[in-house]
Trainee: 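Pasting a structure here, questions to come.
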There are 2 protein chains.
Amino acid sequence: MPKPRIKTMEDLSVAIGVSRPTLSRFFQDPNLIKPKTVARIEEGLERVEYVPNFFATRLNRKSTGMIGVIIPYLNDLFFTKLLEAVEVAAMEAGLSVITKCSHSDPLIEARAAETFMSMNVDGALVTPLGDHSDQAVYQRLKSRLPFVLMDSRPTTMPDVDYVGSDHMQSTGLITEYLCRVGDPPVFLAMPRVNFNALGREAAYIAKMKELGFEPEIIGVDAVNDDGYFEGHGEAVLDKAFAQGQLADRSILCVNDRVAIGAIRAAARHGLTPGRGARGGLRIAGHDDYPLCPYLNPSLTTVAQNTDAIGRKAVSRLLQIIGGSVATDTPEISLFDGELKLRESA
Amino acid sequence: MPKPRIKTMEDLSVAIGVSRPTLSRFFQDPNLIKPKTVARIEEGLERVEYVPNFFATRLNRKSTGMIGVIIPYLNDLFFTKLLEAVEVAAMEAGLSVITKCSHSDPLIEARAAETFMSMNVDGALVTPLGDHSDQAVYQRLKSRLPFVLMDSRPTTMPDVDYVGSDHMQSTGLITEYLCRVGDPPVFLAMPRVNFNALGREAAYIAKMKELGFEPEIIGVDAVNDDGYFEGHGEAVLDKAFAQGQLADRSILCVNDRVAIGAIRAAARHGLTPGRGARGGLRIAGHDDYPLCPYLNPSLTTVAQNTDAIGRKAVSRLLQIIGGSVATDTPEISLFDGELKLRESA
DNA sequence: CATCAATATTTACGTGTGTAAAAGGGAGGA
DNA sequence: TCCTCCCTTTTACACACGTAAATATTGATG
């Protein structure tokens with residue numbers, strides 16, 4: 001017994017016997033209408049099938065109640081974790097989020113931004129690609145709507161609000177830990193297209209100098225070309241171990257995915273990283289990728305506070321939307337990382 | 001030097017000196033318009049900033065050019081891989097996709113479905129929750145628009161198109177492999193709320209009987225309650241190993257995430273699964289989770305053909321949208337799994 | 001220069017809803 | 001009974017664009 005389907009609010013108004021503007025207000029907020037009328041409307045909605053047209057409702061509204069989020073990868077649990085935090089925060093604020101993935105392609109990223117602007121979203125949250133994002137797109141975004149960057153901060157966009165981790169603190173934290181408990185670490189980096197990678201590299205160098213050690217960086221050149229972080233970490237260390245190098249060193253990886261590859265390379269060479277044997281191989285990461293506790297050995301790392309980052313990004317966006325804030329000077333929110341001590345270092 | 005911003009196509013038409021209907025057709029397909037006029041329009045668009053309003057363009061169109069996709073989790077690389085395949089296929093077909101994540105909540109799933117219907121999407125692709133989806137939602141979805149289920153097939157929805165893996169084949173394949181190379185495996189299952197888990201369990205039983213072995217199933221009851229697959233696998237095996245059980249058995253896990261937990265439990269008890277020692281511990285999974293090659297030991301598993309599944313789901317949707325197909329009888333498309341032999345079994 | 005076809009413009013109406021102002025109606029109090 | 005007051009309805013317009021039919025323009029051809 002399928003209910004009769006009603007397409008327009010007009011038709012619904014005659015079916016229920018309530019004027020269309022009243023229905024319009026009912027769907028926006030039932031409290032605006034007398035309880036008795038509300039009851040009649042709800043009773044009528046029981047008998048028929050009707051949903052207000054998404055486009056028509058948004059066409060003539062000042063606020064669409066939507067925010068757009070752009071992330072660079074889907075196949076990365078860090079970003080999905082961040083996205084979840086954003087979605088939860090947005091839901092609590094009564095916003096619906098439209099997610100677009102740029103697949104690390106500047107063109108797709110630009111298209112997504114265009115889409116958001118054409119949809120009159122109330123604001124946009126963007127996790128930028130490395131240095132190959134089209135910064136003109138960001139300029140337009142900033143000039144047209146509330147706009148907050150997350151996780152990665154392009155040097156070319158100093159005037160945009162930003163929420164992320166304090167690499168100086170987080171990378172400094174694990175660097176210092178590694179130095180205290182064992183030999184000072186080598187830094188396993190990434191090809192220099194990623195601002196986070198650069199920031200952490202700089203933080204590592206600073207902390208090492210502060211402690212009086214000589215910084216040492218490897219993995220800046222791409223060894224493999226499959227584009228995956230794990231593959232990079234494995235390839236770099238596989239080569240090093242094969243040449244009899246690094247097998248007794250502490251290795252701080254730029255992020256956990258690289259560290260996963262690093263651990264794998266160690267295993268292939270019969271090495272088991274861990275804090276057990278002094279002077280032996282140790283491997284640490286950064287991010288607290290969800291699988292860290294389940295690796296063998298489990299991965300010592302620094303957790304990014306994705307929950308706080310997502311929550312802050314949304315609340316900052318709401319501030320700007322609300323207009324209760326000066327936007328001439330950007331707000332930079334950095335959250336501390338938290339040491340996660342496990343087996344690998 | 002910000003370009004002047006133009007809001008409506010009307011304003012644009014006076015700014016460029018081309019009629020509005022001509023502009024409308026230009027934005028739909030420039031080929032409909034004389035090259036000389038196209039040049040003039042494009043030249044004009046260089047000088048001003050204008051994007052057609054998303055809602056207005058969709059409001060009065062027969063086809064919105066959008067499809068909706070619902071997945072249950074974001075923090076699962078299997079689903080993100082599937083989503084990528086869908087997005088690629090959709091992009092090639094000129095469709096844009098709207099993704100919603102239900103966070104394994106039937107209410108959110110239902111809301112997402114409502115949203116899709118109110119947006120007049122051309123079709124919907126849904127990866128259902130386990131047995132707790134609201135099937136009334138699916139019924140409405142099916143009655144209102146082209147609708148294809150992916151990955152998991154509720155028994156309550158036999159009349160809906162479905163694209164997924166052939167569990168009988170894939171689970172049979174790895175079961176047979178394990179039986180040939182070593183002792184017949186135990187099946188490490190999941191609490192029975194997941195149709196895939198049930199399907200694979202049944203496939204395991206069938207193959208074992210076919211080969212003349214006695215099926216043996218563990219892990220049906222939840223041991224932990226954190227909701228993560230890895231935690232389930234680890235908890236079940238940790239308990240078993242602690243009791244001196246299963247340490248010399250072959251263990252086929254219902255999926256790779258459970259297997260990751262299983263391997264972790266083994267490591268904690270000093271066990272290294274692998275096909276090396278006859279009669280020793282072996283662990284295998286299902287899905288080919290992207291991290292399988294990087295685990296220690298790397299995980300032997302059966303790859304689901306997510307690429308083919310995503311592609312087929314989109315093409316089937318396009319068929320239904322095109323109307324060139326009988327929808328009275330559902331099409332069930334099952335793809336074969338492919339054995340991925342690695343170290344763990 | 002006239003003619004025809006291709007293309008562009010004009011005109012007019014449709015899409016489903018938001019929103020504001022004015023007019024209508026019923027309940028309560030004087 | 002009359003008069004507020006509050007809520008609802010009516011009326012009207014706005015939103016930005018799709019679409020179709022009729023008309024005007026352009027260019028090439030003869």
Side-chain angles (χ1 to χ4, degrees), chain A residues 5-45 48-66 114-122 144, chain B residues 5-45 48-66 114-122 144:
Chain A
R5 186 166 307 142
I6 289 190
K7 279 196 63 177
T8 78
M9 202 178 273
E10 188 72 50
D11 295 348
L12 183 66
S13 76
V14 312
I16 297 189
V18 176
S19 78
R20 192 187 63 76
T22 302
L23 286 176
S24 175
R25 291 167 60 203
F26 167 81
F27 282 111
Q28 289 175 56
D29 184 1
N31 295 324
L32 297 172
I33 288 178
K34 182 163 50 167
K36 200 170 151 191
T37 310
V38 168
R40 193 148 54 104
I41 294 175
E42 287 176 338
E43 187 179 309
L45 286 175
V48 301
E49 180 174 327
Y50 168 79
V51 282
N53 182 289
F54 187 85
F55 304 118
T57 55
R58 261 85 175 172
L59 183 56
N60 193 22
R61 253 189 201 150
K62 56 271 129 215
S63 163
T64 55
M66 309 187 302
E114 294 293 331
T115 302
F116 287 164
M117 291 189 278
S118 75
M119 292 192 354
N120 294 327
V121 294
D122 291 341
R144 292 204 37 167
Chain B
R5 187 166 308 143
I6 290 192
K7 281 195 62 177
T8 76
M9 204 177 272
E10 188 72 48
D11 295 348
L12 184 65
S13 77
V14 312
I16 297 190
V18 175
S19 76
R20 192 185 63 76
T22 301
L23 286 176
S24 174
R25 290 165 62 204
F26 167 81
F27 283 111
Q28 289 174 53
D29 184 2
N31 295 324
L32 297 173
I33 287 177
K34 186 165 43 169
K36 200 170 156 190
T37 310
V38 168
R40 191 147 57 103
I41 295 175
E42 286 175 340
E43 186 178 311
L45 286 176
V48 301
E49 180 173 328
Y50 168 79
V51 281
N53 182 289
F54 187 85
F55 305 118
T57 53
R58 261 83 177 174
L59 184 56
N60 193 20
R61 255 190 201 150
K62 53 276 135 211
S63 163
T64 55
M66 310 186 302
E114 294 294 330
T115 302
F116 287 164
M117 292 189 278
S118 77
M119 292 193 352
N120 294 328
V121 295
D122 291 342
R144 291 207 34 171

Trainee: What is the minimum heavy-atom distance between Phe54(B) and Thr115(A), and which atoms define it?
Mentor: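 So the minimum-distance heavy-atom pair works out to CE1-CG2, 4.1 Å.
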Trainee: Hey, is the side chain of Tyr50(B) poking within less than 4.0 Å of OP1 or OP2 on dC17(D), counting only N and O atoms?
Mentor: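 Yes, Tyr50(B) has a side-chain N/O under 4.0 Å of OP1/OP2 on dC17(D).
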Trainee: Between dG18(C) atom P and Asn120(A) atom CG, what is the distance in whole Å?
Mentor: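 So the two atoms are 15 Å apart, to the nearest Å.
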Trainee: Among residues 27-34 of chain A, which residues get a heavy atom nearer than 4.0 Å to DNA chain D?
Mentor: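 Heavy-atom cutoff 4.0 Å gives Leu32(A), Ile33(A), Lys34(A).
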Trainee: Name the pairs: protein N/O against N/O of nucleotides 24-28 of chain C, kept only if under 3.5 Å.
Mentor:
none

Trainee: Which ones in residues 51-59 of chain A lie close to DNA chain D, meaning a heavy atom under 4.0 Å from one of its atoms?
Mentor: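 Result for residues 51-59 of chain A: Leu59(A), sorted by number.
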Trainee: Considering residues at least two apart in sequence or located in another chain, which fulfil the side-chain contact (heavy atoms from CB on, under 4.5 Å) criterion with Asn60(B)?
Mentor: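 Result, side-chain contact (heavy atoms from CB on, under 4.5 Å) vs Asn60(B): none returned.
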Trainee: Between atom CG in Asn60(A) and atom C1' in dG18(C), what is the gap in whole Å?
Mentor: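 The distance from CG of Asn60(A) to C1' of dG18(C) comes to 5 Å, rounded to the nearest Å.
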Trainee: What pairs of nitrogen or oxygen atoms, one from the protein and one from nucleotides 9-13 of chain D, lie under 3.5 Å apart?
Mentor:
from   : atom 1 : to       : atom 2 : distance (Å)
dT9(D) : OP2    : Ser19(A) : OG     : 3.4
dT9(D) : OP2    : Thr22(A) : OG1    : 2.5

Trainee: Could you tell me which residues satisfy side-chain contact (heavy atoms from CB on, under 4.5 Å) with Thr64(B), sequence neighbours excluded, listed by chain and number?
Mentor: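 For Thr64(B), the residues satisfying side-chain contact (heavy atoms from CB on, under 4.5 Å) (neighbours in sequence not counted) are Phe55(A), Arg58(B), Met66(B), Asn120(B), Asp122(B).
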Trainee: Do Leu12(B) and Thr8(B) come close enough that some side-chain heavy atom pair is under 4.5 Å?
Mentor: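 A side-chain contact is absent here, since even the closest heavy-atom pair is not under 4.5 Å.
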Trainee: Can you name the residues that form a side-chain contact (heavy atoms from CB on, under 4.5 Å) with Val14(B), not counting sequence neighbours?
Mentor: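 Once residues adjacent in sequence are excluded, Val14(B) has no partner under the side-chain contact (heavy atoms from CB on, under 4.5 Å) criterion.
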Trainee: Between atom CD1 in Ile6(B) and atom C1' in dC17(D), what is the gap in whole Å?
Mentor: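 Atom CD1 in Ile6(B) sits about 15 Å away from atom C1' in dC17(D).
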Trainee: For residues 27-34 of chain A, tabulate all N or O donor-acceptor pairs below 3.5 Å that involve a side-chain atom, not counting sequence neighbours.
Mentor:
from     : atom 1 : to       : atom 2 : distance (Å)
Gln28(A) : NE2    : Ser24(A) : O      : 3.4
Gln28(A) : NE2    : Ser24(A) : OG     : 3.3
Asp29(A) : OD1    : Asn31(A) : N      : 3.0
Asp29(A) : OD1    : Asn31(A) : ND2    : 3.2

Trainee: How far apart are the closest heavy atoms of Pro52(A) and Ser118(B), and which atoms are they?
Mentor: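 So the two residues come closest at O-CB, 3.4 Å.
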Trainee: Examine distances only and state if a side-chain atom of Arg40(B) and a backbone atom of Gly17(B) form a donor-acceptor pair shorter than 3.5 Å.
Mentor: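 It does hold such a pair.
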Trainee: With the side chain counted from C-beta on, respond yes when Ile41(B) and Thr37(B) share a heavy-atom pair under 4.5 Å apart, and no when they do not.
Mentor: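 Result yes, sub-4.5 Å side-chain heavy-atom pair found.
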Trainee: My understanding is that only residues two or more places apart in sequence, or in another chain, count here; which of them pass salt bridge (charged side-chain N to carboxylate O under 4.0 Å, His left out) with Arg20(B)?
Mentor: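 Applying salt bridge (charged side-chain N to carboxylate O under 4.0 Å, His left out) to Arg20(B) gives Glu10(B).
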Trainee: Identify, with sequence neighbours excluded, every residue that meets salt bridge (charged side-chain N to carboxylate O under 4.0 Å, His left out) alongside Arg61(A).
Mentor: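 Arg61(A) satisfies salt bridge (charged side-chain N to carboxylate O under 4.0 Å, His left out) with no residue once adjacent residues are dropped.
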Trainee: Test of understanding: with salt bridge (charged side-chain N to carboxylate O under 4.0 Å, His left out), list the residues that count as partners of Glu42(B), not counting sequence neighbours.
Mentor: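 Scan of Glu42(B) (salt bridge (charged side-chain N to carboxylate O under 4.0 Å, His left out), adjacent residues dropped) gives none.
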Trainee: State which residues pass side chain to side chain donor-acceptor pair (under 3.5 Å) with Ser19(B); sequence neighbours excluded, sorted by chain then number.
Mentor: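 By the side chain to side chain donor-acceptor pair (under 3.5 Å) rule, Ser19(B) matches Thr22(B).
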Trainee: To the nearest Å, how far apart are Met9(A) CE and dT15(C) C1'?
Mentor: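 That distance rounds to 14 Å.
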